[in-house]
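Report on one structure; see the data block that follows.
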Amino acid sequence: MRGEGVLLSWRPIPGLCDDESAEIHRWNRARRRKTIVSLGGASFFASVSLAPDGNNNSDDKIQETFPRAEQLIKHPLALLALFPKDLTLFSAGAIAGALSKTLTAPLDRVKLLMQTHGLRGSGSKGIALLEAITLIHKEEGIKGYWKGNLPQVIRIIPYSAVQLFAYEIYKKILRNEDGDLSVIGRLIAGACAGMTSTFVTYPLDVLRLRLAVEPGCRTMSQVAFNMLREEGIASFYCGLGPSLIGIAPYIAVNFCIFDLMKKSLPEKYQKRPETSLATALVSATVATLMCYPLDTVRRQMQMKGSPFNSVFDALPGIVERDGFLGLYRGFVPNALKSLPSSRFVFEF
C-alpha cells in the first residue's frame, strides 16, 4: 500500500490469528490520519513493515514489526513470513519430495528389481512381486529396501530447480503477442521443462539404478568412479532417449484425460475433492499404462553390459525374451508408489 512517500506492506500467514488484534491500522501520509480496516475479527499477518517509498528520495529508516514471542510459540510457522515466498514454497516442496521418496523407496526398489531381473544373470525370465520383496529381505535385510535411495533424494533439489526455471523460460517463449499462454502452450512448456530437468539430472538416475540392482555396489561414489573408469562418461546417459521420449506423451495423455473426464461430469460433482482424486487416478493410470514400456526400456538400457543400444533394439528384444508382459514388469509397485500423488499435480 502506497502513501505519499511511504510504503506500507505486510506478509500474510494463513491460519495465524491474534485474538488481541482484531483490527489493523494503516497510515495514509496524504491525508495525515489513521484509518482502521476491519478484517472480520481476526488478523492474518505475521509482520508489518513501514518503508520509504522507492519513488521518493526520503531518508526515513525502515521500521519492521516482527511477530511477538507468544505468537511464535503458538504459531512457529510464522517465521516463514520473514523469507521470500518462492524460497519457502520451493524448500517445502523439496522436503516433502525427499520424505515421499524415502517412504516409497521399498516399492521403488522392488519395481527396479522386477524390471531388470532378466538382465541380472538369473535363469528365470522374470520375478514376481512377493518373490522380489522376499529376495531383498533375505539377501540384504531391512536396509536393502532403501538401497539406492540417496541419489534420488539428492536429485530432487536440482531437478525441481531446473524444472521451475526452465518452465518459466519456455512459457515466455511460447506466449503470444498479447502475453497469453494457451493450454497447448502450457503442455509444451511443461514437457520441455521436464525434458530439460531430466537431461541435467540424468546421471543421478543412472547411479540410483546401479546402486539398487547391481550386486557388490556399496556407495554412490564407488559406483560413479567405476562407471567412469570402465564405461566412460557416456554410461551416465544410457537410456536417456526413452526417458525424453516418454515425458511429452505422459503429460499430454494425463492432462487431457483428466480434463475430459472432469468436464464430462455434472457441474455439482466437478469441484468435489473425491472427484478430483478419482479422475486423477484414472488419468494417471491410463497415461502410465501407455508410457510404462518406455520406462522398462530405459531401466534395462541403464544396466551395465546391456545388450540394447536404442529403443528400437530394446522393445523387440524384451518382447522376444520375456513376452509382451515383460514390458510391464514392476507396474504394480510403480502404481502403488506413484498414483496416489497424481491428484496434487492438477491442483494448481
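This structure is a prediction, so every number in the text was calculated from the model and none was measured. One-based numbering along the sequence shown.
Connection of Ile233 to Phe199 is established within a shared hydrophobic cluster, with ILVMFWY side chains joined at heavy-atom distances below 4.5 Å, either directly or through further cluster members. If you chain together hydrophobic residues whose side chains sit under 4.5 Å apart, Leu294 and Phe324 fall into the same group. A single hydrophobic cluster is not seen to contain both Ile251 and Met261; linkage of ILVMFWY side chains at heavy-atom distances under 4.5 Å, directly or through other members, places them apart. One hydrophobic cluster, built from ILVMFWY side chains closer than 4.5 Å, holds both Tyr202 and Leu228. By the rule that hydrophobic residues join a cluster once side-chain heavy atoms approach within less than 4.5 Å of another member, Ile257 and Val183 end up as members of separate clusters.
More than 12 heavy atoms of other residues, nucleotides or ligands shown are found within 6.0 angstrom of OH on Tyr145. Counting heavy-atom neighbours within 6.0 Å of Met220 CE, excluding the residue itself, gives a total above 12.
Residue Ala189 comes nearest to Leu174 through the heavy atom pair N-CD1, 3.8 Å, listed as atom of the first residue, atom of the second, then distance. The two residues Ala94 and Ile157 have their closest heavy-atom pair at CB-CG1, 4.0 Å. Closest heavy-atom contact between Arg155 and Asp205: NH1-OD1, 4.0 Å. Of all heavy-atom pairs between Tyr167 and Gly190, the closest is CE1-N, 3.6 Å. Counting all heavy atoms, side chain and backbone alike, Pro293 lies closest to Met290 at CD-O, 3.9 Å. In terms of heavy-atom proximity, Gly148 sits nearest to Leu211 at CA-CB, 3.8 Å.
The pair Lys147-Asp108 does not meet the salt-bridge criterion, since no charged nitrogen lies less than 4.0 angstrom from a carboxylate oxygen. Between Glu131 and Lys138 no salt bridge is recorded (no basic side-chain N to carboxylate O distance below 4.0 Å).
Here OG1 of Thr102 is found 4.5 Å from CG of Asn149. Values are rounded to the nearest 0.5 Å. To the nearest 0.5 Å, atom CG of residue Leu99 and atom CD1 of residue Ile95 are 7.5 Å apart. Interatomic distance, Lys111 NZ to Asn334 CG, rounded to the nearest 0.5 Å: 4.5 Å. Atom-to-atom distance recorded for Ser235:OG and Lys304:NZ is 9.5 Å, nearest 0.5 angstrom. Taken from SG in Cys256 to CG in Leu187, the straight-line distance is 6.0 Å, to the nearest 0.5 Å. Here the OG1-CG distance, from Thr104 to Leu336, works out to 10.5 Å after rounding to the nearest 0.5 Å.
Just one residue in the list Val297, Ile318, Leu315 forms a side chain to side chain contact (heavy atoms under 4.5 Å, CB included) with Phe308, and that residue is Ile318.
Residues Tyr159 and Ile156 have side chains not in contact (no heavy-atom distance under 4.5 Å, counting atoms from C-beta outward). Annotation: side chain of Ile188 is not in contact with side chain of Tyr170 (no heavy-atom distance under 4.5 Å). Using a 4.5 Å cut-off on side-chain heavy atoms (C-beta onward), Tyr328 and Leu289 make contact. Inter-residue side-chain proximity for Met227 and Leu207 is flagged as met; some heavy-atom pair is nearer than 4.5 Å.
The closest donor-acceptor contact from the side chain of Arg329 to the backbone of Thr116 lies at 3.5 Å or more, if one exists at all. In this structure, the side chain of Ser197 does not engage the main chain of Gln163 through any donor-acceptor pair within 3.5 Å. Between the Ser100 side chain and the Ala96 main chain, no donor and acceptor come within less than 3.5 Å of each other. Using modelled atom types, no side-chain atom of Asn254 and backbone atom of Tyr250 make a donor-acceptor pair closer than 3.5 Å. Formation of a donor-acceptor pair under 3.5 Å by the Trp146 side chain with backbone atoms of Pro106 is not found in this model.
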Worksheet item: Going through the distances and angles, do Asp180 and Arg175 end up as a side-chain contact (heavy atoms from CB on, under 4.5 Å)?
Response: CA-CA 5 Å; Asp180 298 326; Arg175 291 186 192 278; over 6 Å; no
Worksheet entry | Derivation of the side-chain contact (heavy atoms from CB on, under 4.5 Å) call for Arg208 and Gln302 | CA-CA 10 Å; Arg208 164 197 171 199; Gln302 288 176 342; over 6 Å; no
Practice prompt. Show the numbers, then the answer: is there a side-chain contact (heavy atoms from CB on, under 4.5 Å) between Met303 and Leu209?
Written response: CA-CA 8 Å; Met303 291 285 292; Leu209 177 98; 4.0 Å; yes
Worksheet item: Would Asp295 and Gln115 count as a side-chain contact (heavy atoms from CB on, under 4.5 Å) if you check the C-alpha gap in whole Å, the side-chain angles of each, and the deciding distance to 0.1 Å?
Response: CA-CA 9 Å; Asp295 185 68; Gln115 283 182 310; 2.9 Å; yes
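Ring planes of Phe331 and Tyr292: perpendicular class, angle over 60° (limits at 30 and 60°).
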